[in-house]
S.K.: 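A single structure is presented below for examination.
Note that the structure is predicted; figures quoted are calculated from it, not measured.
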Amino acid sequence: MNAAIAGIGATDFSKNSGRSELQLAAEAARAALTDAGLEPSDVDGLVTFTMDTNAEVAVARELGIPELTFFSRVHYGGGAACATVQQAAMAVETGMAEVVVCYRAFNERSGHRFGQVQTAAAANIDNSWSYPMGLGTPAAMVAMFARRYMHEYGATSEDFGRVAVVDRKHAATNPDAWFHGRPITLDDHQASRWIAEPLRLLDCCQESDGAVALVVTSAERARDLPNKPAVISAAAQGSGRDQFTMTSYYRDDLTGLPEMGVVARGLWRRSGIGPSDVDVAVLYDHFTPFVLVQLEELGFCGKGEAKDFVASGALELDGALPLNPHGGQLGEAYLHGMNGIAEAVRQVRGTAVNQVADVEHVLVTAGTGVPTSGLVLGQG
């Protein structure tokens, strides 16, 4: 692809931002433009999530963007993160826009909390099959999936906990992370309370207030800007057979994420690389069990083998596949995966707090159990 991420910006990550979601969006977008060495007058495109409350025209007004020639939104919560970059890249490649800002902003802790039961959501056709059975929260939906996965492959709560321990270890050395200075042990994980068996509190991502923005432009233009660009080597979205929002219980195999398999095939085909070429993996970690399943769907290990792959130490910074060096959504912040893309850019630039050596390719995923998306970012 002839597009790159040239700028990244974020607000602080908190539990009570004390400001509106529009202000958060504007702050992050302005920071991203400053990072890119660009002005609001250079921007002619905006992309966000359908779930974002900040209208593109409102963000344009707050930033002082004079004209927009492209604006777009992507569905499906966390599954939209990498897809916003994909939309922006397509706009740049087709000439619909020259500089596109992707943004996501919310007060998810102090305002609308996604993890609580939403009565109105029961009317949704997908939710109507599971809500009456008591599966009224994301944690409950994932717990049902995780239980079947454990039954089929012998995974345990400790196997899930190892993902949380790695994320929190990386967050502990990241000053921007909510859990900076607060690592956990596997014993801490096992002692944390049940949320929906077999998920414990430390298997579940946090709730955060904040915003992240990314600036996408052509690779040629990005090379002339102040910071090293992260070239978008590949982008993909995926939806599988019998896809439901969040989790499908109506497939022949209930222990996989075929939508992530669709994304994986698209990324490997378009980028020309494979799993063995990935230097850093920024995987969507809203719930720990889905990190294991993603490792399998993406081809880093075989079906049912992720527990052993994780236990081997592969996800450590000096391991075979460093995972979420920023701490992920479990450790840094839950911003629907947008903060993971920013970390991927830092890893390509070589400026991350927990920098992995000799990074050529970074894999990013967004969303699991819903239509998903992914990116491969590389050197420019």
Side-chain angles (χ1 to χ4, degrees), residues 142-171 183-192 194 197-205 240 247 251-265 267-268 273-325 327-331 340 354 356-357 361-365 368-369 372 374:
V142 175
M144 179 75 81
F145 176 101
R147 180 63 77 190
R148 184 65 186 181
Y149 181 85
M150 295 167 79
H151 173 77
E152 289 288 337
Y153 299 115
T156 66
S157 174
E158 288 89 345
D159 294 319
F160 301 151
R162 290 186 179 92
V163 173
V165 170
V166 167
D167 267 353
R168 288 288 295 272
K169 179 180 180 180
H170 298 165
I184 60 170
T185 66
L186 192 56
D187 286 342
D188 293 330
H189 174 273
Q190 290 295 288
S192 66
W194 295 115
E197 290 191 55
L199 298 187
R200 298 178 180 275
L201 176 64
L202 294 179
D203 288 307
C204 306
C205 72
T247 307
R251 292 165 169 161
D252 292 338
D253 179 6
L254 304 183
T255 63
L257 294 170
E259 56 273 19
M260 188 58 71
V262 175
V263 168
R265 291 190 294 275
L267 292 177
W268 304 143
I273 70 168
S276 63
D277 300 304
V278 173
D279 301 302
V280 178
V282 180
L283 302 186
Y284 198 81
D285 58 338
H286 56 341
F287 297 102
T288 57
F290 278 159
V291 172
L292 273 69
V293 182
Q294 285 182 83
L295 291 168
E296 296 168 3
E297 294 286 358
L298 292 162
F300 293 107
C301 56
K303 191 76 170 174
E305 295 177 358
K307 64 183 188 303
D308 302 315
F309 185 78
V310 173
S312 74
L315 305 186
E316 300 284 350
L317 291 178
D318 59 354
L321 186 71
L323 174 76
N324 297 344
Q329 297 177 111
L330 289 163
N354 295 318
V356 176
H361 304 106
V362 182
L363 170 70
V364 190
T365 62
T368 57
T372 60

S.K.: Considering residues at least two apart in sequence or located in another chain, which fulfil the side-chain hydrogen bond (donor to acceptor under 3.5 Å, both in side chains) criterion with His170?
M.R.: none

S.K.: More than 12 heavy atoms of other residues, nucleotides or ligands under 6.0 Å from CE of Met150: yes or no?
M.R.: yes

S.K.: Could you tell me how the ring of Phe300 sits relative to the ring of Trp268: parallel (under 30°), tilted (30 to 60°) or perpendicular (over 60°)?
M.R.: perpendicular

S.K.: Would you check if Val362 and Val282 make a side-chain contact, meaning some heavy-atom pair closer than 4.5 Å?
M.R.: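 Yes - at least one pair of side-chain heavy atoms lies under 4.5 Å apart.
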
S.K.: Before we go on, tell me: are the rings of His286 and Tyr284 under 6.0 Å apart, centre to centre?
M.R.: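 Yes; Tyr284 has its ring centre under 6.0 Å from that of His286.
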
S.K.: Walk me through whether Thr365 and Val263 qualify under side-chain contact (heavy atoms from CB on, under 4.5 Å).
M.R.: CA-CA 9 Å; Thr365 62; Val263 168; 5.6 Å; no

S.K.: I need the single residue from Val310, Val291, Leu292 that forms a side-chain contact (heavy atoms from CB on, under 4.5 Å) with Arg162. Which is it?
M.R.: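 Considering Val310, Val291, Leu292, a side-chain contact (heavy atoms from CB on, under 4.5 Å) with Arg162 is found only for Val310.
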
S.K.: Give a yes or no on whether the backbone of Phe290 and the side-chain of Gln294 come within a donor-acceptor separation of less than 3.5 Å.
M.R.: yes

S.K.: Please confirm whether the backbone N or O of Thr185 pairs with a side-chain atom of Lys169, one donor and one acceptor, at under 3.5 Å?
M.R.: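 Between the backbone of Thr185 and the side chain of Lys169 there is no qualifying donor-acceptor contact (under 3.5 Å).
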
S.K.: Any idea which heavy atoms bring Gln329 and Asp285 closest together, and the distance?
M.R.: N-OD1, 2.9 Å

S.K.: Using a 3.5 Å distance criterion without hydrogens, assess whether the side chain of Lys303 forms a donor-acceptor pair with backbone atoms of Tyr153.
M.R.: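 Judged by distance alone, no pair lies under 3.5 Å.
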
S.K.: Do the side chains of Glu259 and Arg251 get close enough for a salt bridge, i.e. N-O under 4.0 angstrom?
M.R.: yes

S.K.: Specify the closest pair of heavy atoms between Val280 and Val278, including all atoms of both residues, with the distance to one decimal.
M.R.: O-CG1, 3.2 Å

S.K.: Any side-chain to backbone donor/acceptor pair from Glu305 onto Gly302? Under 3.5 Å, distance only.
M.R.: yes

S.K.: When you measure from the side chain of Glu316 to the backbone of Pro322, do you find a donor-acceptor pair of N or O atoms at a distance under 3.5 Å?
M.R.: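 Side chain of Glu316 to backbone of Pro322, a donor-acceptor pair under 3.5 Å: no, none is there.
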
S.K.: Determine whether Leu363 and Leu283 make a side-chain contact, defined as any pair of heavy atoms from C-beta on separated by less than 4.5 Å.
M.R.: yes

S.K.: Measuring only between side-chain heavy atoms, which start at C-beta, is Pro289 closer than 4.5 Å to Leu199?
M.R.: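 Sidechains of Leu199 and Pro289: in contact.
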
S.K.: Within the side chain of Glu296, is there an N or O that forms a donor-acceptor pair under 3.5 Å with the backbone of Ala306?
M.R.: yes

S.K.: Indicate yes or no: at least one non-hydrogen side-chain atom of Phe309 is less than 4.5 angstrom from one of Leu295.
M.R.: yes

S.K.: Tell me every residue that passes side-chain hydrogen bond (donor to acceptor under 3.5 Å, both in side chains) with Asp167, counting only those two or more places apart in sequence or in another chain.
M.R.: Asn324

S.K.: Between Glu297 and Leu257, is there a donor-acceptor pair closer than 3.5 Å when you use the side chain of the first and the backbone of the second?
M.R.: yes

S.K.: Show, in sequence, the C-alpha distance, side-chain angles and deciding distance for Tyr149 and Val293, and conclude whether the side-chain contact (heavy atoms from CB on, under 4.5 Å) test is met.
M.R.: CA-CA 9 Å; Tyr149 181 85; Val293 182; 3.9 Å; yes

S.K.: Which heavy atom in Asp188 sits nearest to a heavy atom in Leu202, and how many Å separate them?
M.R.: O-CD1, 3.7 Å

S.K.: Let me confirm one number: the CZ-OG1 distance from Arg148 to Thr255, rounded to the nearest 0.5 Å.
M.R.: 8.0 Å

S.K.: Contact between Trp194 and Glu197 at the side-chain level, heavy atoms closer than 4.5 Å - yes or no?
M.R.: yes

S.K.: Does Ser192 offer a backbone N or O that forms a donor-acceptor pair with the side chain of Arg200 under 3.5 Å?
M.R.: yes

S.K.: To the nearest 0.5 Å, how far apart are CG in Leu323 and CG in Leu317?
M.R.: 9.5 Å

S.K.: If the condition is salt bridge (Lys or Arg N to Asp or Glu O under 4.0 Å), which residues does Asp279 pass it with, not counting sequence neighbours?
M.R.: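 Counting only residues at least two positions away or on another chain, Asp279 forms no salt bridge (Lys or Arg N to Asp or Glu O under 4.0 Å).
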
S.K.: Find the distance between CG (Asp159) and CG (Asp308) and round it off to the nearest 0.5 Å.
M.R.: 7.5 Å

S.K.: Would you check if the side chain of Thr288 reaches a backbone N or O of Ala164 as a donor-acceptor pair within less than 3.5 Å?
M.R.: no

S.K.: Would one find more than 12 heavy atoms of other residues, nucleotides or ligands at under 6.0 Å from atom CG of Asp252?
M.R.: no

S.K.: Could you go through the side-chain contact (heavy atoms from CB on, under 4.5 Å) check for Cys204 and Phe287 one step at a time?
M.R.: CA-CA 5 Å; Cys204 306; Phe287 297 102; 3.7 Å; yes

